[in-house]
Amino acid sequence: MSDQRGQFSSKIGFLMAATGSAVGLGNIWGFPTQAASNGGGAFLLAYLVLAFLLAYPALVAELVIGRHARANIVTALDTLGENRATKGLGRAVGYYGVLVASLILSFYAIVAGWMLAEFGKPLAQLLGWQGAADWLASDALGRNLLVCGLFTAATVAIIAKGVENGIEAWSTRLMPLLFLILLGLILYVFTQPGAGEGLKNYLIPDFTQLTDPGLLLSAMGQAFFSLSLGVGTMLIYGSYLRKTDSLPRLGAAVTLLDTGIAFTAGLLILPTMYVAQAQGIAIYSEGGDLLAGPGLIFQVLPALFSTMGGAGIWLSIAFFALMSIAALTSSISMLEAPVSVVTERTRLKRTGAAWTIGLLIFAVSTIILLNMSTLFDAAVSLTTEYSQPLLGIALCVFVGWIMRRNQLLNELKAGHRDIEHSLFWKIWPFYVRLVCPVLILLAFIQSLR
Ligand code: PHE
């Protein structure tokens with residue numbers, strides 16, 4: 001079986017795919033607005049520290065499990081277990097992980113669909129199809145179903161093509177494009193009145209907010225979500241890596257790129273909001289908080305673009321292309337988690353598995369869309385606030401307590417000869433064994449209060 005498994009053709013291929021998974025709506029939308037409303041530079045600092053001290057070790061743990069077992073999360077955790085109890089626990093954690101990945105995809109595809117609609121709207125205007133543009137701007141159920149379905153179908157089509165021709169090929173095409181659009185937009189926005197004000201708000205730290213436990217908690221949640229941890233996506237990408245690649249180095253590169261792009265996205269979003277304010281658009285809610293979430297992306301930005309005439313149309317195409325690309329390279333990694341479990345554990349082939357699971361996920365998206373006010377937030381907090389940290393703990397426990405130390409060392413050594421004498425090997429095993437689970441647990445308990 002292992003001969004038929006997909007594999008990334010190069011380090012760059014893996015880096016693009018894993019960074020593509022990590023960089024998503026969480027970076028470009030979630031991070032900047034959270035930073036702006038939580039002490040600016042202080043949040044940034046907390047986020048960077050947590051990303052490297054907590055999320056990075058957990059990311060390497062997932063990569064190690066995946067590449068060691070060369071299998072999906074369910075099979076991998078099952079084989080790590082040494083008796084019936086730990087094997088059963090492994091399978092349960094694995095199934096729970098891919099269920100969470102699928103549920104994340106079902107609400108992520110709804111939001112990504114909105115991005116697609118906003119991308120299509122200016123295109124329709126350019127073509128003179130005002131009716132279509134108005135429909136795309138509406139909140140009709142039909143429109144939401146169509147764009148969500150289109151996005152899910154694009155995700156499935158890529159995953160059906162497999163690791164090298166699907167995931168790797170599309171991530172290597174889309175990620176450089178994402179970066180270029182991001183830089184282009186930043187350069188443009190910096191020339192507009194009001195941008196400097198936004199930069200100040202983003203970068204000048206308000207350290208008094210660092211004492212707020214809520215801030216640390218949101219920074220941790222953000223770091224876990226942003227590195228796609230706990231749900232088997234990084235684990236399965238790790239399983240497609242060659243034995244000769246160094247996991248600590250690649251993990252560090254992914255963490256750096258992910259945090260770097262989140263930081264860079266802040267250089268776009270905050271200045272853009274203050275440019276909008278300079279145009280007379282409200283960017284604070286009635287309670288005095290900076291608008292975040294859907295209010296920002298789907299009200300402030302379109303309002304700003306419409307004050308900019310011809311340039312506004314192109315800006316809005318570029319901006320929502322950026323969002324759609326970021327979402328797509330993340331959604332394929334979410335779908336790969338359950339698809340790899342099904343193809344490796346049943347006789348179903350990749351194409352059939354991808355379309356079947358995609359259809360099921362779309363059915364769940366439809367149910368959420370029909371009950372937006374009750375189900376949407378519930379799905380988000382069930383997965384990202386409750387499940388992801390707990391699964392993160394479980395995976396650290398598997399690496400720290402169930403995998404044997406020489407298994408770990410051999411796996412790391414394969415791509416990193418001198419690892420035994422490195423600082424990484426002195427710190428990391430202890431970290432995943434104790435520090436990560438305890439800190440995540442403490443933060444989790446705190447969040448339940
Ligand atoms: N990391 C992605 C983002 O920042 C979200 C994600 C979560 C992707 C879990 C895969 C798995 O948007």
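Just so you know, ligand 1 is whichever comes first in the structure, and atom 1 is the first atom listed for that ligand. The figures that follow rest on heavy atoms only: side chains count, while hydrogens, waters and symmetry mates do not. Position 1 is the first residue of the sequence, and the numbers go up from there. Because the structure is predicted, anything quoted here is derived from the model rather than measured.
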Practice prompt. Determine whether the side chain, the backbone, both or neither of Leu229 has a heavy atom under 4.0 Å from any heavy atom of ligand 1.
Written response: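 Answer for Leu229: neither.
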
Discussion item. Would you say that more than 12 heavy atoms from the other residues, nucleotides or ligands in this model lie under 6.0 Å from the NZ of Lys243, or not?
Written reply: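 Yes, NZ of Lys243 has more than 12 neighbouring heavy atoms, counting only those of other groups under 6.0 Å.
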
Worksheet item: More than 12 heavy atoms of other residues, nucleotides or ligands under 6.0 Å from NZ of Lys11: is that the case?
Response: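 Incorrect, the count does not exceed 12.
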
Discussion item. Checking side chain to side chain contact (heavy atoms under 4.5 Å, CB included) between Ser228 and each of Val254, Thr233, Ile104, which is the one that passes?
Written reply: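 For Ser228, the side chain to side chain contact (heavy atoms under 4.5 Å, CB included) test succeeds with only one of Val254, Thr233, Ile104, which is Thr233.
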
Among protein heavy atoms, which lies nearest [atom], and at what distance?
{"atom": "atom 12 (O) of ligand 1", "value": "Tyr108 OH, 2.6 Å"}
{"atom": "atom 2 (C) of ligand 1", "value": "Ser21 O, 3.4 Å"}
{"atom": "atom 5 (C) of ligand 1", "value": "Phe225 CZ, 3.5 Å"}
{"atom": "atom 4 (O) of ligand 1", "value": "Ala22 O, 3.0 Å"}
{"atom": "atom 11 (C) of ligand 1", "value": "Ser228 CB, 3.5 Å"}

Discussion item. If the contact criterion is a heavy-atom separation under 4.0 Å, does Ser226 count as touching ligand 1?
Written reply: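 So Ser226 counts as touching ligand 1.
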
Worksheet item: In ligand 1, which numbered atoms sit nearer than 4.0 Å to a non-hydrogen atom of Ser333?
Response: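 Heavy-atom distances to Ser333 below 4.0 Å select 10 (C).
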
Worksheet item: For ligand 1, which atoms have a heavy atom of Asn27 less than 4.0 angstrom away?
Response: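 Listed by number with element, the hits are 4 (O).
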
Mind listing the side-chain donor-acceptor pairs of residues 260-272 below 3.5 Å, one per line with the distance, residues two or more places apart or on another chain?
| unit_1 | atom_1 | unit_2 | atom_2 | d |
| --- | --- | --- | --- | --- |
| Thr264 | OG1 | Gly260 | O | 2.6 |
| Thr272 | OG1 | Leu268 | O | 2.4 |

Discussion item. Show every ring pair (Phe, Tyr, Trp, His ring centres under 6.0 Å) that has at least one partner inside residues 88-115, sequence neighbours left out.
Written reply: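 As it turns out, the ring pair (Phe, Tyr, Trp, His ring centres under 6.0 Å) pairs with a partner in residues 88-115, which skip direct neighbours, are Phe107-Phe376, Trp114-Phe298.
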
Worksheet entry | Carboxylate-amine/guanidinium proximity below 4.0 Å for Glu344 and Arg350 |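 Here Glu344 does not pair with Arg350 in a salt bridge, since their nearest N and O are not under 4.0 Å apart.
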
Discussion item. Below the 3.5 angstrom mark, is there an N/O of Ile104, backbone or side chain, next to an N/O of ligand 1?
Written reply: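 Between Ile104 and ligand 1 (N or O atoms, distance only) the closest approach is not under 3.5 Å.
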
Discussion item. Does the plane of the ring in Trp428 sit parallel, tilted or perpendicular to the ring in Phe424? Use 30° and 60° as the thresholds.
Written reply: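 Ring orientation, 0 to 90° scale: parallel.
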
